[in-house]
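Take a look at the structure below.
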Amino acid sequence: MAWWDGKTAISICALGDSNMNAIGYQFGVQQNIASVNHYCSATGQVPYSEENMGWRHISPDSDSRALTEFASYAALFPNTGYVGQLFGSNGAPAIEIANTLAVGTGIDTYLYQVASPGMTSVQFSSGACWDTVERTAQDALDGIPGSPNYFDIVVTNLCGNDMFTPITDDNFYNNMRLMRQNMIDAGWWLPGTTQFVMLEMPRIASTASQFPLVWKGLDFMQTRFNDRVGRANSIGLVIIEGDPIPVHFTAESNTELGRRAGELLLAYIPKQQAVFTVGGVRLSLGGEKLRVNSA
């Protein structure tokens with residue numbers, strides 16, 4: 001039985017940095033799927049009022065948010081999550097996840113997104129971005145038909161800015177563990193049921209040369225969270241030419257990253273095996289029967 005059997009709506013919570021925003025300015029890259037709904041303001045106006053949020057269908061080719069973002073973002077929302085307003089830019093991975101699920105399941109999808117350029121994991125665990133989620137997520141869930149108590153899927157695109165800081169892989173993991181626990185405490189993340197997808201930063205980004213094969217923050221989440229954790233890799237995706245910090249994908253690549261994540265979810269992410277060493281002996285526990293983890 002598929003995980004979506006019997007559902008009348010699929011809820012997605014997407015949290016992240018500028019790659020989650022995906023400012024592509026390339027119309028026509030993503031499909032316009034009528035059964036994909038976004039939690040956003042009535043017209044995409046900037047600035048927006050959180051009291052004016054609701055579930056609406058917005059074409060990914062709408063440009064009212066994309067064209068005003070950088071002119072207003074830093075002044076209006078410093079270090080704060082921006083809710084739903086960036087869907088007008090094309091090539092957003094979260095939109096493509098929602099598109100892929102809507103087409104693959106035949107069920108309406110509801111995408112709640114909080115993102116902000118330059119954000120690190122601490123902002124989503126105990127900073128202003130978490131404050132934004134705390135203010136707005138419950139109303140978003142309440143507005144979905146059937147008023148689900150939790151999100152079916154949580155998606156993150158975080159770690160690039162942490163690596164630049166650099167925040168250690170252990171600190172990153174602990175921040176993300178706190179974010180997960182905050183969501184569990186609020187009832188928005190149901191352990192064992194909510195599926196979690198990480199969108200990888202570009203493998204060829206400058207971070208790769210600064211921290212080669214050392215920074216394991218994403219690995220820690222994948223092996224330690226007691227959830228179904230998927231990882232949509234960035235192999236073969238293209239960085240925007242001339243990007244001063246080469247970590248931003250083109251609109252086509254951001255769309256492809258979302259498609260890869262969506263296909264992971266359609267396949268139902270399995271639980272990962274936890275591998276560890278005891279007395280020099282390498283042990284592996286996992287699958288559906290037994291897991292050892294710290295989350």
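Just so you know, these numbers come straight off a predicted model, no measurement behind them. Excluded from the calculations below are hydrogen atoms, water molecules and symmetry mates; all remaining heavy atoms, backbone and side chain alike, are included.
Looking at every heavy atom in both residues, L265 comes nearest to L101 through CB-CD2, 3.9 Å. The two residues S18 and H248 make their nearest non-hydrogen contact at OG-NE2, 2.6 Å. Pairing each heavy atom of E200 with each of R231, the nearest pair is OE2-NE, 2.6 Å. Pairing each heavy atom of F124 with each of L15, the nearest pair is CE2-CB, 3.7 Å. Closest non-hydrogen pair, I33 versus A102, comes out as CG2-CB, 4.0 Å. The two residues A261 and L199 come nearest to each other via the heavy atoms CB-CD2, 3.8 Å.
Checked by atom type and distance alone, the side chain of D169 never pairs as donor or acceptor with a backbone atom of G217 at under 3.5 Å. With hydrogens and angles disregarded, no donor-acceptor distance shorter than 3.5 Å links the side chain of T100 to the backbone of E263. Using a distance-only test at 3.5 Å, with no hydrogens or angles considered, a donor-acceptor pair links the side chain of R260 to the main chain of N233. T250 contributes a side-chain N or O that, together with a main-chain N or O of S253, makes up a donor-acceptor pair within less than 3.5 Å. Side chain of N19 to main chain of V247: a donor-acceptor pair is present (N/O by atom type, distance under 3.5 Å, no hydrogens or angles). The main-chain N or O of N171 is found under 3.5 Å from a side-chain atom of N175 such that the two form a donor-acceptor pair. N174 contributes a side-chain N or O that, together with a main-chain N or O of D170, makes up a donor-acceptor pair within less than 3.5 Å. Judged by distance alone, with hydrogens and angles left aside, the side-chain atoms of S147 form a donor-acceptor pair with the main-chain N or O of D142 at under 3.5 Å. The closest donor-acceptor contact from the side chain of S234 to the backbone of L237 lies at 3.5 Å or more, if one exists at all.
Between T120 and F172 the shortest side-chain heavy-atom distance does not fall below 4.5 Å. Proximity of W4 to I10: side-chain heavy atoms (C-beta onward) are separated by under 4.5 Å at one or more points. By the 4.5 Å heavy-atom criterion applied to side chains, Q113 and M20 are counted as neighbours. Between F151 and L190 there is no side-chain heavy-atom pair separated by less than 4.5 Å. A heavy-atom distance below 4.5 Å is not found between the side chains of N157 and M198. Side-chain contact between P191 and I184: present, with at least one pair of heavy atoms (C-beta onward) separated by less than 4.5 Å. At least one side-chain heavy atom of Q195 sits under 4.5 Å from a side-chain heavy atom of Y268. The closest side-chain heavy-atom distance from C40 to V83 is not below 4.5 Å.
In this model, no donor atom of one side chain and acceptor atom of the other lie less than 3.5 Å apart for N37 and D108. Judged by distance alone, the side chains of N32 and H57 do bring a donor and an acceptor atom under 3.5 Å apart. A donor-acceptor contact closer than 3.5 angstrom links the side chains of D227 and W189.
Placement of V103 and I97 in two distinct hydrophobic clusters is found when ILVMFWY residues are connected by side-chain heavy-atom separations under 4.5 Å, directly or transitively. V29 and F249 fall into different hydrophobic clusters, defined by Ile, Leu, Val, Met, Phe, Trp and Tyr side-chain heavy atoms under 4.5 Å apart, directly or through other members. Residues W188 and V229 share a single hydrophobic cluster, defined by chaining ILVMFWY side chains whose heavy atoms lie under 4.5 Å apart. Under a hydrophobic-cluster definition in which Ile, Leu, Val, Met, Phe, Trp and Tyr are linked whenever side-chain heavy atoms come within less than 4.5 Å, directly or via other members, W3 and I107 are assigned to the same cluster.
Atom CG of L158 and atom CG of L218 lie 9.5 Å apart (nearest 0.5 Å). For the atom pair CD (Q30) and CD (E252), the distance works out to 10.0 Å, reported to the nearest 0.5 Å. Residue S125 holds its OG atom at 12.5 Å from CD of Q181, rounded to the nearest 0.5 Å. A distance of 6.5 Å separates OH in Y150 from OG1 in T194, rounded to the nearest 0.5 Å.
For the pair R180 and F225, the cation-pi test (distance below 6.0 Å, angle within 45°) is passed. The side-chain tip of R228 does not point at the ring of F196 from less than 6.0 angstrom away and within 45° of straight on.
The ring of Y110 has its center closer than 6.0 angstrom to the ring center of W55.
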Let me see the working for T156 and M176 under side-chain contact (heavy atoms from CB on, under 4.5 Å), right down to the final yes or no. CA-CA 10 Å; T156 61; M176 297 303 290; 3.9 Å; yes

request  = Go through the steps for S121 and Y173 under the test side-chain hydrogen bond (donor to acceptor under 3.5 Å, both in side chains), then give the verdict.
outcome  = CA-CA 9 Å; S121 57; Y173 168 70; over 6 Å; no

Inset, instruction - Could you walk me through whether W130 and R135 pass side-chain contact (heavy atoms from CB on, under 4.5 Å), step by step? - result: CA-CA 9 Å; W130 171 252; R135 287 194 309 271; over 6 Å; no

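The number of heavy-atom neighbours closer than 6.0 Å to CD of Q31, taken from other residues, nucleotides and ligands shown, is 12 or below.
Note on R259 versus E256: salt bridge recorded, some NZ/NE/NH1/NH2 to OD/OE distance being below 4.0 Å. Checked for salt-bridge contact, K7 and D152 meet the test: a charged N lies under 4.0 Å from a carboxylate O.
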